[in-house]
Amino acid sequence: MMRVTQYQHGQPCWSELASSNSEQAKRFYQQLFGWDYLDMPLPQGSYSMSRLHGDDIGAIYPLAPQQQHMPSHWTCYFAVDDVDATINAVQMAGGHLLIGPHDVADAGRMALFADPEGACFAVWQAGAHPGAKRFDEVNSLCWVELACRSAKTARDFYPQIFGWQVRISSNPDFDYTEWQLGDASLGGMMQMDEQWGDTTPHWMLYFAVEDCDATVATARAMGGDVCVPPTDIPEVGRFAVLKDCTGAVFSVIRLSPVL
């Protein structure tokens, strides 16, 4: 996969982990994905840029003092052409602005939102920094997936914000929505049922791996937990849902070769 230098409006472009123990989390993901880090000082620690083959692909940072009640969590950023216009679009569509907008020096401009059901996501208007310079390759972000309570609400909301098209695949167990830009799928959506219990709506981040089972074994050895064991998805790949050593939930997937 070639290095990414620019993202379209609506594409996933960055991932951030806010952690209750960022140093412990950094060691976990270094062992799991081979990342190294570039640390930039913060009042409460460091904003650590995760790097793969020398390229920025995301970040890990400590929860702020006012966030200590929150669990460790991953956040997905989507590229936008204009953060301020996106704020208006989100609010008009029934979402909520949580943080921002903020300029990040000359790197870009960001904001954090909750959709109508409360699932959080962020947006990034690139300046000098486009976002993750590697995407959809081993040990990098490759897919994002919304778990929601009302698929209709989500299908009404997100296309207004990002210009996505909707493709629905039906199977005996559930309908699966793919979010698309043009002919390319960039993420998906599942509607939660009673089996999900009181799980709140959220965006799940998937990282590509060479071997799903070996990655799960490494995660366990590093103090992580397995939420969903390695499972095959026909014609897609083999995935697992993991919890890192600080409690953040994410997924890994070994994608099937494209024939």
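Just so you know, residue 1 is the first one in the sequence shown, and it goes up from there.
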Which heavy atom of P62 sits nearest to which heavy atom of G45, and what is that distance? CG-CA, 4.2 Å
Under the criterion side-chain contact (heavy atoms from CB on, under 4.5 Å), I'd like the reasoning laid out for L141 against L205: C-alpha separation, chi angles, the key distance, then a yes or no. CA-CA 7 Å; L141 186 66; L205 280 63; 3.8 Å; yes
Would you name the heavy atoms of L52 and V138 that are closest together and state the gap between them? CD2-O, 3.5 Å
Just to verify, what does F28 make a ring pair (Phe, Tyr, Trp, His ring centres under 6.0 Å) with, not counting sequence neighbours? none
Could you tell me if the ring centre of W203 sits under 6.0 Å from that of Y77? no
Could you check whether any side-chain heavy atom of V241 comes within less than 4.5 Å of a side-chain heavy atom of V226, counting everything from C-beta outward? no
Is any side-chain heavy atom of I60 closer than 4.5 Å to one of Y47? no
Do S20 and S72 come close enough that some side-chain heavy atom pair is under 4.5 Å? yes
Is there a donor in the side chain of Y37 and an acceptor in the side chain of Q30, or the other way round, less than 3.5 Å apart? no
So does G187 get a backbone contact from the side chain of S185, meaning a donor-acceptor N/O pair under 3.5 Å? no
Any I87 side-chain heavy atom under 4.5 Å of P101 side chain: yes
CD1/I57 to CG/N139 distance, rounded to the nearest 0.5 angstrom? 7.5 Å
Mark yes or no for whether S22, through its side chain, and S19, through its backbone, hold a donor-acceptor pair below 3.5 Å. no
T5 and P130 have their tightest heavy-atom pair at O-CB, 3.4 Å
Polar side chain donor-acceptor pair, T246 to Q24, under 3.5 angstrom: no
Among V80, V90, V123, which residue satisfies the side-chain contact (heavy atoms from CB on, under 4.5 Å) criterion with I161? V90
Derivation and outcome, ring pair (Phe, Tyr, Trp, His ring centres under 6.0 Å), residues W164 and F157: CA-CA 10 Å; W164 294 343; F157 175 78; 9.3 Å; no
I need the L97 CG to T86 OG1 distance, nearest 0.5 Å. 11.0 Å
Going by the rule side chain to side chain contact (heavy atoms under 4.5 Å, CB included), which residues pair with A208 if we only count those two or more places apart in sequence or in a different chain? C142
Euclidean distance, Y206 OH relative to M204 CE, rounded to 0.5 Å: 6.0 Å
Could you tell me if S150 and T153 have a donor-acceptor pair between their side chains, going purely by distance under 3.5 Å? yes
Run R134 and V4 through side-chain contact (heavy atoms from CB on, under 4.5 Å) and show every step you take. CA-CA 6 Å; R134 292 179 182 269; V4 181; 5.9 Å; no
What pair of heavy atoms forms the shortest contact from P201 to C148, and how long is it? CB-CA, 4.3 Å
Any non-hydrogen side-chain atom of D39 less than 4.5 Å from a side-chain atom of K26? yes
Look at the rings of W74 and Y29 and say which category their plane angle falls in: under 30° parallel, 30 to 60° tilted, over 60° perpendicular. perpendicular
Does the side-chain contact (heavy atoms from CB on, under 4.5 Å) test come out yes or no for D232 and F239, once each step is laid out? CA-CA 6 Å; D232 291 322; F239 87 103; over 6 Å; no
Partner residues of D213 under the side chain to side chain contact (heavy atoms under 4.5 Å, CB included) criterion, sequence neighbours left out: D211, P230, R238
Suppose we screen for ring pair (Phe, Tyr, Trp, His ring centres under 6.0 Å). Which residues come up paired with H129, at least two apart in sequence or across chains? W14
Work out which heavy atom in D82 is nearest to a heavy atom in Q125; give both atom names and the distance. CA-OE1, 3.5 Å
Counting distance only, does the side-chain N/O of T218 pair as donor-acceptor with the main-chain N or O of A214 below 3.5 Å? yes
Point-to-point distance, once rounded to the nearest 0.5 Å, from CZ of R167 to CD of Q165: 12.5 Å
Work out which heavy atom in H9 is nearest to a heavy atom in D81; give both atom names and the distance. ND1-N, 3.1 Å
Check the pair V249 / L242 against side-chain contact (heavy atoms from CB on, under 4.5 Å), numbers first and verdict last. CA-CA 6 Å; V249 178; L242 302 174; over 6 Å; no
Would you confirm whether T231, through its side chain, and P229, through its main-chain N or O, come within 3.5 Å as a donor-acceptor pair? yes
Heavy-atom donor-acceptor pair, Q11 side chain to L186 backbone, under 3.5 Å: no
Distance in Å, S48 OG paired with E23 CD, rounded so as to fall on 0.5 Å steps: 6.0 Å
Looking at Q195, is its backbone amide N or carbonyl O close enough to the side chain of D193 to form a donor-acceptor pair, meaning the two atoms are under 3.5 Å apart? yes
With no hydrogens and no angle check, is any side-chain donor or acceptor of Q31 less than 3.5 Å from a backbone partner on R27? no
Using side-chain heavy atoms (C-beta onward) and a distance below 4.5 Å, is T215 in contact with L32? yes
Is the shortest side-chain heavy-atom distance between M189 and W179 below 4.5 Å? yes
Hey, is R51 close enough to D36 for a salt bridge, meaning N to O under 4.0 Å? yes
Assign the ring pair Y7 / F135 to parallel, tilted or perpendicular, where the plane angle (0 to 90°) is split at 30° and 60°. perpendicular
Rounded at 0.5 Å granularity, tell me how far CH2 in W143 sits from CG in L255. 9.5 Å
Distance alone, cut at 3.5 Å: any donor-acceptor contact between the side chains of E16 and T75? no
Can you pull out every side chain to side chain donor-acceptor pair (under 3.5 Å) where at least one residue sits in residues 103-122? Sequence neighbours excluded, please. D84-R109, D103-R109, D115-Y158
Any non-hydrogen side-chain atom of V104 less than 4.5 Å from a side-chain atom of M110? yes
So ring-ring contact (aromatic ring centres under 6.0 Å, His included) across residues 86-115, not counting sequence neighbours, yields F113-F121
Using the six-membered ring wherever Trp is involved, compare the ring planes of F250 and F207 and label them parallel, tilted or perpendicular (cut-offs 30° and 60°). perpendicular
Compute whether any side-chain donor of one residue and acceptor of the other, for E145 and Y176, lie under 3.5 angstrom apart. yes
Between T177 and R155, is any side-chain donor less than 3.5 angstrom from a side-chain acceptor? yes
